[in-house]
*Asks:* 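I'd like to ask some things about the structure below.
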Amino acid sequence: SLPDGSAIRLTTARYFTPARQLIHEHGVSPNIRVPMTYQQGIELQDAWRKEATSPHKEQVMNSVNDVQLDRAVDALTGSLIYAERFSKERAKKP
């Protein structure tokens, strides 16, 4: 804690991906790029602002098409389907 009531936290850990690739101080680059038009970005930003103050948050976010979120859901769904099929095939083998 600092005298003015604020605080600072210092982390000395290093961050890795599940594959043990060091990403500390480097971050990660997306391997699936989903371009968004300027207009789509503005609409999404407006929806986020409205969501922050709206009592009907779900309706606000459902009113806008988030192409990047949709693509992320598709990618994760595909990964889950693949993993499920792989585990079933693996279980069949002696």
*Asks:* Please name all residues satisfying side-chain contact (heavy atoms from CB on, under 4.5 Å) with Ala75, sequence neighbours left out, ordered by chain then number.
*Replies:*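 Partners of Ala75 by the side-chain contact (heavy atoms from CB on, under 4.5 Å) criterion, ordered by chain and then number, come out as Ile32, Arg71.
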*Asks:* Given the rule in the side-chain contact (heavy atoms from CB on, under 4.5 Å) test, do Glu43 and Asn65 qualify, once you have shown the distances and angles that lead to the verdict?
*Replies:* CA-CA 8 Å; Glu43 289 171 6; Asn65 183 25; over 6 Å; no
*Asks:* Can you name the side chain to side chain donor-acceptor pair (under 3.5 Å) partners of Thr37, sequence neighbours left out?
*Replies:*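 With sequence neighbours excluded, Thr37 shows a side chain to side chain donor-acceptor pair (under 3.5 Å) to Gln40, given in chain and number order.
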*Asks:* Cation-pi check, Arg20 to Phe16: give yes when NZ or CZ is under 6.0 Å from the six-membered ring centre and within 45° of the ring axis, no otherwise.
*Replies:*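 Yes - Arg20 lies over the ring of Phe16, closer than 6.0 Å to its centre and within 45° of its axis.
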*Asks:* Apply side-chain contact (heavy atoms from CB on, under 4.5 Å) to His24 and list each qualifying residue two or more places apart in sequence or on a separate chain.
*Replies:*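 Here the qualifying residues are Arg14, Tyr15, Leu22.
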*Asks:* So if you build clusters from Ile, Leu, Val, Met, Phe, Trp, Tyr with side-chain heavy-atom gaps below 4.5 Å, do Leu44 and Val34 land together?
*Replies:*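 Linked, Leu44 and Val34 end up in one cluster.
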*Asks:* Could you tell me the separation between the CD1 atom of Ile81 and the CG atom of Leu76, rounded to the nearest 0.5 Å?
*Replies:*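 So the CD1 of Ile81 and the CG of Leu76 are separated by 11.0 Å.
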*Asks:* Are Ile42 and Met36 connected into the same hydrophobic cluster when the rule is that any two of I, L, V, M, F, W, Y join if their side-chain heavy atoms are below 4.5 Å apart?
*Replies:*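 Result: no, two separate clusters.
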